[in-house]
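Shown next, in structure tokens, is the structure this report addresses.
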Amino acid sequence: MSTIEIVESGWATTIQDAGRPGFAALGVPHAGPVDRARHAVANRVVGNVPHAAAFETAGGLVVRADGPAIVFVTDDVERRTLRAGDSIEVAPGGRDGDRWRYLAVRGGLDVPHVLGSASHDTLAGLGPSPLAPGQRYVLGSDPHTDLLTDYAPLPRQGGVVSVWSGPQVSRFEGDLDQLTTRSWVVSDDVSRVGVRFRAQPFARRSDQPLASAGLVEGAVQVTPSGEPIVMLANHPTTGGYPVIAVVDPADLPIVAQANPGDQLRFRAVRR
């Protein structure tokens, strides 16, 4: 059975499959890829099911195959076939400016599951251990599917993010207007947990503290200093800041793939 060896672990590199939904009541985050669309595309190009375990990285990952392996990186133009001893690097600062890239291998990565998932949880530490040079990962069984394409065009990331009203929107003057009528700059505080934007003033109807409540992926919390934080795949299951909005799931990759210094705008979706 072929294996993939980690030569360089890169930045924030983890193994992710579909995640572990359904355990939030136990305080266990969903985890899974921060950009589910790109994770699925990488798997489809190598003939895997969309949720097969693959590498997610912010760059710097270098792996080496000890036998034949079919791989695809979402920053690449086409699928590659590696021979024994061949290496592939996922360089930082991808061609399309994506913060997160995915390296999928045909057959997926055969790693132990915890609570039904092979995803690494960066908050609780569940799932496969963090990558380190010298580690080897066994590839799963060949899926015996046809390889229908050598590459896959990925949707371009825009700069406008659709949002729905959140459960505490009424605590803010003008409701969603304070979020949607100005541009927001991504701060340096970005991770699999969430993306924080630079502070701007928020006029509030109420400053009464809130009890901690459940959070969903895409929730936009507003800190007391006026920093919106968009929750991503590894967000905590509860939070105490007011949630002014929730990002439309189709636009969540725009936020997840944003880099520090990028400007985004929010657009209200009316029911």
Checklist outcome for this item: Interatomic distance, CG@Asp17 vs CZ@Arg20, rounded to 0.5 Å, equals 7.5 Å
Next on the checklist: Checking side-chain polar atoms at under 3.5 Å, does Ser206 have a donor or acceptor matched by the opposite partner on Gln208?
Outcome noted: no
Checklist entry - Any side-chain heavy-atom pair from Phe172 and Val222 closer than 4.5 angstrom? => result yes
Checklist entry - Between Arg79 and Thr149, do the side chains contain an N or O donor and an N or O acceptor separated by less than 3.5 Å? => result no
Checklist outcome for this item: Members sharing Leu123's hydrophobic cluster, built from side-chain contacts under 4.5 Å between Ile, Leu, Val, Met, Phe, Trp and Tyr, are Val193
Item to check | Student check: side-chain heavy atoms of Glu227 and Ser187 closer than 4.5 Å | outcome: no
Checklist entry - Would Phe55 and Tyr102 count as a close aromatic pair, with their ring centres under 6.0 Å? => result no
Checklist entry - Does the side chain of Ser162 pick up a donor-acceptor pair with the side chain of Arg267 at under 3.5 Å? => result yes
Checklist entry - Roughly how far, to the nearest 0.5 Å, is the CE atom of Met231 from the NE2 atom of His30? => result 15.5 Å
Item to check | His39 side, atom NE2; Ser119 side, atom OG - distance, nearest 0.5 Å | outcome: 7.0 Å
Next on the checklist: In this structure, would Leu176 and Phe197 fall into the same cluster of hydrophobic residues linked by side-chain contacts under 4.5 Å?
Outcome noted: yes
Checklist outcome for this item: Paired with Val195, the side chain to side chain contact (heavy atoms under 4.5 Å, CB included) test is passed by just one of Val190, Asp262, Val34, namely Val190
Checklist entry - In the single-linkage hydrophobic clustering (I, L, V, M, F, W, Y; side-chain heavy atoms under 4.5 Å), do Trp164 and Val216 co-cluster? => result no
Item to check | Side chain Asp189, main chain Arg196, donor-acceptor under 3.5 Å | outcome: no
Checklist entry - Is the number of heavy atoms from other residues, nucleotides or ligands under 6.0 Å of Arg83 CZ greater than 12? => result no
Next on the checklist: How close do Leu210 and Gln168 get, counting heavy atoms only, and between which atoms?
Outcome noted: CD1-CG, 3.9 Å
Item to check | side chain to side chain contact (heavy atoms under 4.5 Å, CB included) between Leu139 and Ile4, intermediate numbers included | outcome: CA-CA 7 Å; Leu139 304 188; Ile4 288 288; 3.6 Å; yes
Item to check | Nearest-0.5 Å distance that lies between atom CG in Leu131 and atom OG1 in Thr13 | outcome: 6.0 Å
Next on the checklist: For a salt bridge (Lys or Arg N to Asp or Glu O under 4.0 Å) check, start with the C-alpha distance between Arg64 and Asp86, then their side-chain angles and the critical distance, and finish with the verdict.
Outcome noted: CA-CA 6 Å; Arg64 179 166 52 230; Asp86 285 350; over 6 Å; no
Checklist entry - Is a donor on one side and an acceptor on the other found under 3.5 Å between the side chain of Arg192 and the backbone of Gly32? => result yes
Checklist entry - Is the shortest heavy-atom distance from the side chain of Glu5 to the side chain of Gln135 under 4.5 Å? => result no
Next on the checklist: Quick check against the 3.5 Å criterion: does Gln257 have a side-chain atom that pairs as donor or acceptor with the backbone of Arg99?
Outcome noted: yes
Item to check | 4.5 Å side-chain heavy-atom contact, Leu264 and Val160 | outcome: no
Checklist entry - Does Trp184 have its ring centroid less than 6.0 Å away from the ring centroid of Phe202? => result yes
Checklist entry - Is a side-chain N or O of Gln200 found less than 3.5 angstrom from the main chain of Ser183, in a donor-acceptor match? => result yes
Item to check | Side-chain donor-acceptor contact under 3.5 Å, Thr57 with Arg101 | outcome: no
Checklist entry - Are Glu56 and Arg38 close enough for a salt bridge, meaning some N to O gap below 4.0 Å? => result no
